[in-house]
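Here the structure comes first, spelled out in structure tokens, and everything after it is commentary.
Count residues from 1 along the sequence. Each ligand, and each atom within it, is numbered from 1 in the order the structure gives.
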Amino acid sequence: MKAARVHEPGKIVIEDVPVPALGENDVLIQVHHAGICGTDVGVYHGYVPAKLPVTLGHEFSGTIANLGSPGLGGFKEGDPVTAPGGWSCGSCEHCQKGKPQYCRDRNALGRTVDGCMAEFVRMDYRVVYRLPSHVPLDEGQNFLNIACVVRGVKKVPSQLCKKVVVFGAGNMGLIMLQILKAAGASQVIMVDAIPFRLEMARKLGASHVVNVMEGDSVQKIRDVFPKGADVVVEATGSPSAFQNACDVLKEGGALVIIGIYGKKIKELDLSFLYNKEPVIYGSKGGEEGYEEALQLLDDKKLQITPMITHRFPLEETAKGFGVFEDKDANALRILIEPSA
Ligand SMILES: [Zn+2]
Ligand SMILES: [Zn+2]
């Protein structure tokens, strides 16, 4: 089968590899749509640790192609499925305590085991979810990100989620916007540097949008929420956004961090910790959010397809990664489609 692989940082090659062999708890999935995520880009460039060579990708939807043992999980060939980006070992101290997101020996697609930017991917059947028949595979590909957002939102007491600011109007931020609205947020301000994304945010229900490239964004947010925001979500992983997030938070508010920080924050005004008594929630992965993510897709609560801006066949995976990093490409969700 064909797979998009990294042997050395900075280079993606399309090569022929054997179809993965299945253990008794494995299923083989034919990949239809694989989304490019910042983590994949980190593996490609070498700043996210990975066991090279590796097949890229960890967010996908597809159909069951084969089972490691008969009747596994009640799946049958052709079932539409999706899955989180890997599975935990089940035996380390964290797995034993029911905290698989901290697993010390995680099988992480596209990092420690071969990922989904290939014709087929192997998964442990226990983390594979059957998509309801009316949910298109086009939408199912975003399952993991929806679950990650659900996990983050669930941490905050729901009565607090009224006036919200979300930093980052990328794929995650826009899912966050939609889930916050569905959860009863009255006003959501979306903040980003790319006009195309802010336009999309408006279409998807943002009450206000703020472009950080135009003037004092903290003041603009204060103009809308003079007392500050009840909840601020930081989904960019940018140090400057973190400071802004702290600055626009209301006293007694909640800060939710779903961004991954690659760079150190050199200067940070921490006086808000005393003055505002905020609660800060870090949120890693989609654990405890999978069932609700499936339900949101089933209930047609989210607009996922309008966020898909680019589709590439597997052979053009490198081109897709180029678009992901091109700030002028007006890109949001970029799919690699091995079965197209
Ligand atoms: Zn991801
Ligand atoms: Zn473990």
- [ ] Indicate whether any N or O donor in one side chain lies under 3.5 Å from an N or O acceptor in the other, for R106 and Q101.
- [x]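 There is no such pair between these side chains.
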request  = Indicate whether any N or O donor in one side chain lies under 3.5 Å from an N or O acceptor in the other, for E234 and T236.
outcome  =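 Side chains of E234 and T236: pair found under 3.5 Å.
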Picking from H310, E59, H33, what satisfies side chain to side chain donor-acceptor pair (under 3.5 Å) with R333?
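For R333, the side chain to side chain donor-acceptor pair (under 3.5 Å) test succeeds with only one of H310, E59, H33, which is E59.
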- Message: Under 2.8 Å from the Zn ion (ligand 1), is there any N, O or S atom belonging to D40?
- Response: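 No N, O or S atom of D40 is closer than 2.8 Å to the Zn ion (ligand 1), so no.
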Using 2.8 Å as a strict upper limit, say whether an N, O or S atom of H58 approaches the Zn ion (ligand 1) that closely.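 Short answer: yes, at least one N, O or S atom is under the cut-off.
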Aromatic contact between Y129 and F143, with the criterion being ring centroids under 6.0 Å apart: yes or no? yes
If you count every protein N, O or S atom closer than 2.8 Å to the Zn ion (ligand 2), you should arrive at 4
- Message: Run the side chain to side chain donor-acceptor pair (under 3.5 Å) test against H94 and tell me which residues pass, sequence neighbours left out.
- Response: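 Scan of H94 (side chain to side chain donor-acceptor pair (under 3.5 Å), adjacent residues dropped) gives R104.
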Practice prompt. For R197 and G170, work out which heavy atoms get closest and say how close.
Written response: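 Result for this residue pair: NH1-CA, 3.6 Å.
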In this structure, CD of E139 is separated from NE2 of H134 (nearest 0.5 Å) by 8.5 Å
### Message
As a test of reading the structure, name the N/O/S atom of E59 that is nearest the Zn ion (ligand 1).
### Response
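Distance check against the Zn ion (ligand 1) picks out OE2 in E59.
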